[in-house]
Amino acid sequence: MTEVLPNNFIRTIIDEDIKTGKHTKIITRFPPEPNGYLHIGHAKAICLNFGLASEFNGECNLRFDDTNPEKESEEYAKSIEEGIKWLGFSWAGDTKHASDYFDKLYQFAEYFIEQDMAYVCDLTPEQMRQYRGDFSTPGKNSPYRDPSDKLFRTKEENLALFRQMKNGDFPDGSKTLRLKIDMSSPNMNLRDPVIYRIKRDHHIRTGNKWCIYPMYDYTHCISDALEGITHSCCSLEFEDHRPLYDWVLDHLLKAGLVPCHPRQIEFSRLELQYTITSKRKLNQLVEMGVVDGWDDPRMPTLLGMRRRGYTPAGIRLFIERCGVSKSPNNVDMTLLEASVREDLEVVAPRIMAVLNPIKVVLTNFSAELTSSREAPFHPQRPELGSRLCTLTKEIYIEADDFQEVPEAGFQRLQPGGEVRLRHSYIIKCEEVIKGPDGKITQLNCSIDHNTLGKNPEGRKVKGVIHWVSCDLSINAEVRLYDRLFTEVTPDKMEGKDFTDFLNPNSLQILNGHIESAGQDFKQCTLQFERLGYFIADIKAQDKIIFNKTVALKDTWRK
RNA sequence: AGGGGAGUCGCCAAGUGGUAAGGCAUCGGAUUUUGAUUCCGACAUUCGCAGGUUCGAUCCCUGCCUCCCCUGCCA
């Protein structure tokens, strides 16, 4: 892992800000709305914000953007906190909430009214849409906005009305508070954006205290400023909102109401090939029963990846390798898999498991003659310990590892051929036994007793296969996963729905035979030698289940 | 149509007036009791297109093309 990680434009900006003395300490923030579970896309934002902060010895806040009680829940908030911790990050101080600033937000709104920069508007959503105009037509001013209008409201009236809004004197949706900016702006966000709406909903933090809630654009910039955020990184779709972010803060800073004016920087979100990250669509998969839930190992959620055996370090490495830019991207799955493997290669204990068994009888097995070897759990890390790989008369090997008529280059077991049993002896296939249907049911092999821990003299046996004792191994359900979709961009197929591209073979369930030592590793991802990485399913109840994390690289099988 | 962004190898991504980093993928080869790991090596005469400026342009200028985002009282 000596690769030089790419620089990115955000790092460059921060470097510059520190060099010029604009900032001596940087503060970032991760601002999720608690309205869903974290997925790989969030992982990028998390790694970026927390990563930057620690890289520059700064801090990163966790702030829930809880301005829309209708969609938010405590369960999501909890899950998000756990996800961040699981990824290996910790936030500065207590968890923060946009709702912590509701009083200030309200107070600043009154300030804007007093300054004649905000007004209460009675336009219905439909009317508001009409007044807003469209991309080629400038909007019309609200009839409540200007002194020349019959319905014009003085700032005293606006203030009184706004207070009544807060006091619950008006029904939901009947009035809004809008900023007075520019209805003819080519930027829609500046056409008198709504900053408060009336909405009676139980809020996860403030309960029923408020019946008016501030909008994102108004809330986010102020929250950033109040927390002293220096760099506010968000995704590209907020680029158009930056003028509004700056408009609000410029006025508030001038009035001395906020301590600083953070800089919003936009970067492109992460897209992964063959997957979707839209909350709505992911939810659809759950609802349709296509997956087991939000934590299904095939889901690109943190919960899913965790259950699948992806490690935080692997995910972090992946995100780092993806880089940060403003260009549209659709990252190759193999980059994620390579990153996860790279971490697992170093940390995962190895055991043996046979997934598609074929029975092998060792004809010359003898309790006096035949012994077993101590095998380390990791070839390069003896400190991880070892176990005895006990050979017995009957073993299972992988059906794949035997070919009656071997293809060119095949270096595993074949009639009359020799192969090494991993951590054990070299055996030779003496006889192939078939059932009435012609299918191979058993292989009779002989052990070369002079090959335990040493190579035979006078010949080279290249193949090494894994095996498991019939008696000593344990049975386990093994779940193999493949990508959920058959298209690189299931989301973006012209005239088609993403559900048209579901991969019918994304889950395969097998009955495997696992070396018994596999039971001792409940929490960590293991390597089943020559097969891949697997992890005991955290949700398994009365049986042993292993989830396949990712296969080992295989330069033989295509 | 107006506004805001983006286009550098199959996928990401640095670079930025001096002649194209790196990772993944791919393909060779060495070592190997995991066809894994590790190790070596190959892999953009070219930076969306067309002009222009310059001794010299992926970087500057002009025009064009393509893709993404924006008309929630969502975030």
Side-chain angles (χ1 to χ4, degrees), chain A residues 3-9 31-33 35 65 67-68 70-72 121 123-125 128-129 132-139 172-178 185-191 193-199 213 215-217 219-220 234-243 266 268 270 273 317-318 320-339 341-342 345-346 350 352 373 375 379-380 409-412 420-426 451-455 461-466 488 527-532 551-557:
Chain A
E3 78 203 60
V4 179
L5 291 164
N7 199 5
N8 67 56
F9 75 101
E33 182 186 18
N35 70 343
D65 228 325
T67 56
N68 187 2
E70 191 185 324
K71 295 183 174 176
E72 297 149 10
C121 181
L123 254 29
T124 64
M128 206 176 285
R129 203 171 308 125
R132 189 155 33 226
D134 58 38
F135 295 140
S136 49
T137 324
D172 283 13
S174 60
K175 284 177 168 45
T176 58
L177 183 69
R178 297 226 260 164
S185 170
N187 183 342
M188 290 295 185
N189 296 301
L190 264 22
R191 319 251 262 225
V194 169
I195 59 169
Y196 266 95
R197 75 286 213 183
I198 305 173
K199 190 175 231 175
Y213 289 96
M215 300 285 289
Y216 166 84
D217 284 310
T219 309
H220 200 83
C234 60
S235 45
L236 247 32
E237 70 268 30
F238 293 105
E239 220 149 12
D240 283 344
H241 296 239
R242 186 164 12 103
E266 311 84 10
S268 55
L270 171 69
Q273 289 186 353
L317 180 60
F318 166 67
E320 191 57 63
R321 282 174 169 173
C322 282
V324 181
S325 74
K326 300 183 73 149
S327 33
N329 62 82
N330 199 14
V331 180
D332 203 318
M333 280 280 232
T334 59
L335 184 62
L336 209 207
E337 295 181 339
S339 305
R341 273 195 209 102
E342 189 166 318
E345 158 64 24
V346 181
R350 274 74 161 158
M352 293 192 284
R373 259 189 122 192
Q380 280 87 39
F410 186 75
Q411 55 186 231
R412 282 113 83 160
R420 164 141 245 141
L421 292 180
R422 175 75 165 150
H423 298 308
S424 193
Y425 296 91
I426 282 173
T451 55
L452 187 64
K454 59 182 171 185
N455 284 125
V461 174
K462 201 167 182 201
V464 179
I465 63 172
H466 59 275
V488 197
Q527 183 189 112
F528 289 175
E529 291 209 40
R530 300 209 312 132
L531 295 174
L552 247 31
K553 257 212 282 199
D554 186 350
T555 48
W556 165 247
R557 278 279 164 239

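The sequence lines fix the lettering, A, B, ..., with proteins before strands; numbering per chain opens at 1. Side chains included, hydrogens not; waters and symmetry mates left out as well; all remaining heavy atoms used. Nothing here was measured: the structure is a model prediction, and the numbers come from that model.
- Side-chain nitrogen and oxygen atoms of Thr137(A) include none within less than 4.0 Å of the OP1 or OP2 phosphate oxygen of rG2(B).
- Side-chain atoms of Arg350(A) do not come within 3.5 Å of backbone N or O of Glu529(A) as any donor-acceptor pair.
- The separation of rU58(B) from rU71(B), taken at their C1' atoms, amounts to 37 Å, rounded to a whole angstrom.
- Side-chain N/O atoms of Gln380(A) and base N/O atoms of rU38(B) include no donor-acceptor pair closer than 3.5 Å.
- Met352(A) has its CE atom 15 Å from the C1' atom of rA36(B), to the nearest Å.
- Judged purely by atom type and a 3.5 angstrom limit, Ser268(A) has no side-chain atom pairing as donor or acceptor with the backbone of Pro328(A).
- Interatomic distance, Gln273(A) CD to Asn330(A) CG, rounded to the nearest 0.5 Å: 5.0 Å.
- When each of rC73(B), rA13(B), rU34(B) is scored by its nearest atom to the side-chain atoms of Ser325(A), the top-ranked nucleotide is rA13(B).
- Annotation: rU16(B) and rC60(B) have their P atoms spaced 11 Å apart (nearest Å).
- Not a single donor-acceptor pair under 3.5 Å links the side chain of Ser185(A) to the backbone N or O of Leu190(A).
- Taking only side-chain nitrogens and oxygens, Arg197(A) comes nearer than 4.0 Å to OP1 or OP2 of rA75(B).
- Comparing rG23(B), rC73(B), rA6(B) by their closest approach to the side chain of Leu335(A) singles out rG23(B).
- Taking 3.5 Å as the limit, the base of rG35(B) and the side chain of Arg412(A) contain a donor-acceptor pair of atoms between them.
- In this structure, rA6(B) and rU66(B) make a Watson-Crick or G-U wobble pair, each of the two defining distances being under 3.5 angstrom.
- An OP1 or OP2 oxygen of rC74(B) is reached within less than 4.0 angstrom by a side-chain nitrogen or oxygen of Lys199(A).
- For Thr67(A) and rC74(B), the shortest distance from a side-chain N or O to OP1 or OP2 is not below 4.0 Å.
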Contact state string [nucleotides 65-71 of chain B, B base, S sugar-phosphate only, - no protein heavy atom under 4.0 Å]
----BBB

If you apply the rule side-chain hydrogen bond (donor to acceptor under 3.5 Å, both in side chains), what do you find for Ser136(A) with Asp134(A), and how did you get there?
CA-CA 6 Å; Ser136(A) 49; Asp134(A) 58 38; 3.1 Å; yes

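- rG72(B) has its base syn relative to the sugar, with a glycosidic angle deviating from 0 by at most 90°.
- Pairing for rA14(B) is absent, judged as Watson-Crick or G-U wobble with the two contacts each under 3.5 Å.
- Under 4.0 angstrom from either OP1 or OP2 of rU37(B) there lies at least one side-chain N or O belonging to Lys553(A).
- Counting only distance, with no hydrogens or angles, the side chain of Glu345(A) and the backbone of Arg341(A) share no donor-acceptor pair below 3.5 Å.
- Atoms CG and CZ, from Leu421(A) and Arg373(A) in turn, are 12.5 Å apart once rounded to the nearest 0.5 Å.
- With rC12(B), rA75(B), rC24(B) as the choices, the nucleotide that has an atom nearest any side-chain atom of Thr334(A) turns out to be rC24(B).
- Residue contacts shown for Leu123(A) include a base, since a base heavy atom lies under 4.0 Å away.
- Between rU33(B), rG35(B), rA36(B), one nucleotide has an atom nearer to the side chain of Arg530(A) than all others, and that is rG35(B).
- Side-chain contact between Ser339(A) and Arg321(A) is present, with at least one heavy-atom pair separated by less than 4.5 Å.
- When the nearest nucleotides of RNA chain B are assigned to Glu239(A) and Gly453(A) by heavy-atom distance, the more 5′-ward of the two goes with Glu239(A).
- Figure legend. rG51(B) is base-paired to rC61(B); pairs are counted as Watson-Crick or G-U wobble with both atom distances under 3.5 Å.
- Proximity note for Val464(A) (side chain, C-beta onward) versus rU32(B), rU37(B), rU33(B): the nearest is rU33(B).
- Using a cut-off of 4.0 Å between Lys/Arg side-chain N and Asp/Glu carboxylate O, Lys71(A) and Glu33(A) are scored as not salt-bridged.
- Contacts of Leu452(A) with the nucleic acid, taken as non-hydrogen atoms under 4.0 Å apart, include base atoms.
- Following rounding to the nearest Å, Lys326(A) (NZ) and rC12(B) (C1') show an atom-to-atom distance of 18 Å.
- Checked against rA6(B), rC74(B), rU34(B), the side chain of Glu33(A) finds its nearest nucleotide in rC74(B).
- Across rU34(B), rC24(B), rG15(B), the shortest atom-to-atom separation from the side chain of Asn7(A) is found for rG15(B).
- One interatomic measurement links the two molecules: CD1 of Ile198(A) to P of rC74(B), which rounds to 12 Å at whole-angstrom precision.
- The side chain of Asn329(A) approaches rC12(B) more closely than any other nucleotide in the set rC73(B), rG35(B), rC12(B).
- For Cys322(A), whose side chain is taken as the heavy atoms from C-beta onward, the closest listed nucleotide among rC12(B), rG5(B), rU34(B) is rC12(B).
- Base pairing of rA30(B): its partner is rU38(B), meeting the Watson-Crick or G-U wobble criterion (both donor-acceptor distances under 3.5 Å).
- Residue order along RNA chain B, read from the 5' end via each residue's closest nucleotide, puts Thr451(A) first among Gly173(A) and Thr451(A).
- Residue Glu266(A) is out of contact with every strand shown, counting any heavy-atom pair closer than 4.0 Å.
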